[in-house]
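To start, the structure under review is shown below, and the notes come after it.
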Amino acid sequence: METLKAIHTRKSVREFLEADVPVDLIRLVVEAGTHAPSGGNQQPWRFVVCRDKAKQKEFDPYGHQPWVESAPAIIVVCADPHDSWRKDDEFSECYVLDASMAVQNMLLATHDLGLGSVFVQTFSPLKVRTMLGIPLHWRILGLIALGYADPESEANQQTRPRRTISEVAFLEDVEKPL
Ligand SMILES: Cc1cc2nc3c(=O)[nH]c(=O)nc-3n(C[C@H](O)[C@H](O)[C@H](O)COP(=O)(O)O)c2cc1C
């Protein structure tokens with residue numbers, strides 16, 4: 001798929017078919033994540049794949065995000081701050097940006113591979129950490145729920161509106177919209 005087309009047609013998918021996603025396909029998605037840019041090329045991201053619905057149910061103890069349990073697979077996006085680029089007292093949260101870049105690559109990769117996905121930030125990090133044995137010093141930044149999109153789902157058809165370019169982008173100074 002052409003890159004710009006992939007960017008423009010990707011959307012969050014929250015209703016999935018039961019079908020399992022082969023590990024090889026998930027590996028391709030994760031590999032796309034590892035090709036993201038990172039500060040000082042430190043690559044602080046860490047990814048843990050979970051395909052266990054009993055565990056996935058625990059990730060979202062309040063049941064706010066049913067797609068976390070129903071997704072055939074979850075990629076838990078983490079980062080090891082020890083590997084984060086840092087110089088003197090400059091910005092030290094680089095690992096959050098690095099992992100975010102990896103997330104977007106992975107969302108686009110799922111789309112390109114004919115899968116659907118959604119990034120989820122509402123979950124219990126404590127449960128995720130405990131159930132998957134994630135080391136205490138890693139930050140858990142989010143989950144990517146993925147699977148084959150249910151073509152019958154109305155929710156999956158929805159396209160969420162964007163602010164106009166002139167609202168968010170400016171030319172030379174903030175008085176002039178781009
Ligand atoms: C930082 C971040 C946190 C998000 N958290 C959630 C979430 O907890 N649950 C969820 O269903 N979607 C979540 N999303 C997905 C957004 O709701 C979605 O990307 C946005 O509404 C735009 O829709 P689109 O992805 O279909 O373009 C999150 C996205 C981002 C970038």
Side-chain angles (χ1 to χ4, degrees), residues 1-18 21 26 29-30 32-39 44-51 53 55-81 84 91 93-129 131-132 134 138-169:
M1 191 185 289
E2 192 209 331
T3 309
L4 270 182
K5 187 178 174 203
I7 289 169
H8 283 281
T9 57
R10 182 216 58 83
K11 56 190 172 195
S12 293
V13 166
R14 296 181 176 84
E15 292 185 10
F16 303 97
L17 299 177
E18 290 279 328
V21 181
I26 299 175
V29 172
V30 170
T34 67
H35 281 268
S38 63
W45 43 64
R46 304 288 183 267
F47 308 107
V48 185
V49 176
C50 177
R51 296 173 303 152
K53 288 212 160 92
K55 289 183 179 173
Q56 291 168 218
K57 187 178 168 66
E58 296 290 320
F59 295 170
D60 176 35
Y62 303 110
H64 291 153
Q65 318 277 330
W67 34 93
V68 169
E69 181 186 351
S70 62
I74 299 282
I75 300 172
V76 181
V77 180
C78 308
D80 182 344
S84 192
F91 183 64
E93 307 292 310
C94 210
Y95 61 92
V96 179
L97 298 174
D98 299 334
S100 305
M101 302 249 172
V103 167
Q104 180 66 350
N105 269 16
M106 291 191 282
L107 298 182
L108 289 172
T110 57
H111 183 41
D112 189 75
L113 292 166
L115 297 162
S117 60
V118 60
F119 183 70
V120 174
Q121 221 199 8
T122 313
F123 60 93
S124 164
L126 182 65
K127 295 272 189 190
V128 172
R129 192 181 295 286
M131 310 228 59
L132 302 182
I134 294 174
W138 291 9
R139 287 279 312 278
I140 302 173
L141 299 170
L143 313 176
I144 296 177
L146 68 130
Y148 293 98
D150 180 350
E152 305 288 313
S153 156
E154 275 184 33
N156 284 348
Q157 312 308 322
Q158 281 175 26
T159 306
R160 277 140 205 108
R162 291 303 191 259
R163 295 181 195 270
T164 61
I165 302 294
S166 58
E167 270 183 285
V168 298

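Whatever order the structure lists them in is the order used to number ligands and atoms, beginning at 1. Being a predicted model, the structure only gives us computed values, none of them experimental.
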For ligand 1, the residues whose heavy atoms come within less than 4.0 Å (ordered by chain, then number): R10, K11, S12, R14, Q65, W67, V118, F119, V120, Q121, T122, R160, R162
Residues 116-127 vs salt bridge (Lys or Arg N to Asp or Glu O under 4.0 Å), sequence neighbours excluded, gives E58-K127
If you measure from CD on Q157 to NZ on K11, what distance do you get to the nearest 0.5 Å? 5.5 Å
Assess whether atom CD of E167 is packed by more than 12 heavy atoms of other residues, nucleotides or ligands within 6.0 Å. yes
All N/O donor-acceptor pairs, side-chain side in residues 96-108, below 3.5 Å, sequence neighbours left out:
from: D98; atom 1: OD1; to: G39; atom 2: N; distance (Å): 2.9
from: S100; atom 1: OG; to: V96; atom 2: O; distance (Å): 2.6
from: N105; atom 1: ND2; to: A32; atom 2: O; distance (Å): 2.9

With a 3.5 Å distance limit and no angle check, can you tell me whether R10 reaches the backbone of A109 through a side-chain donor-acceptor pair? no
What pairs of donor and acceptor atoms, side-chain ones from residues 66-74 against any protein atom, are under 3.5 angstrom apart with sequence neighbours left out?
from: W67; atom 1: NE1; to: Q65; atom 2: OE1; distance (Å): 3.2
from: S70; atom 1: OG; to: P66; atom 2: O; distance (Å): 3.3

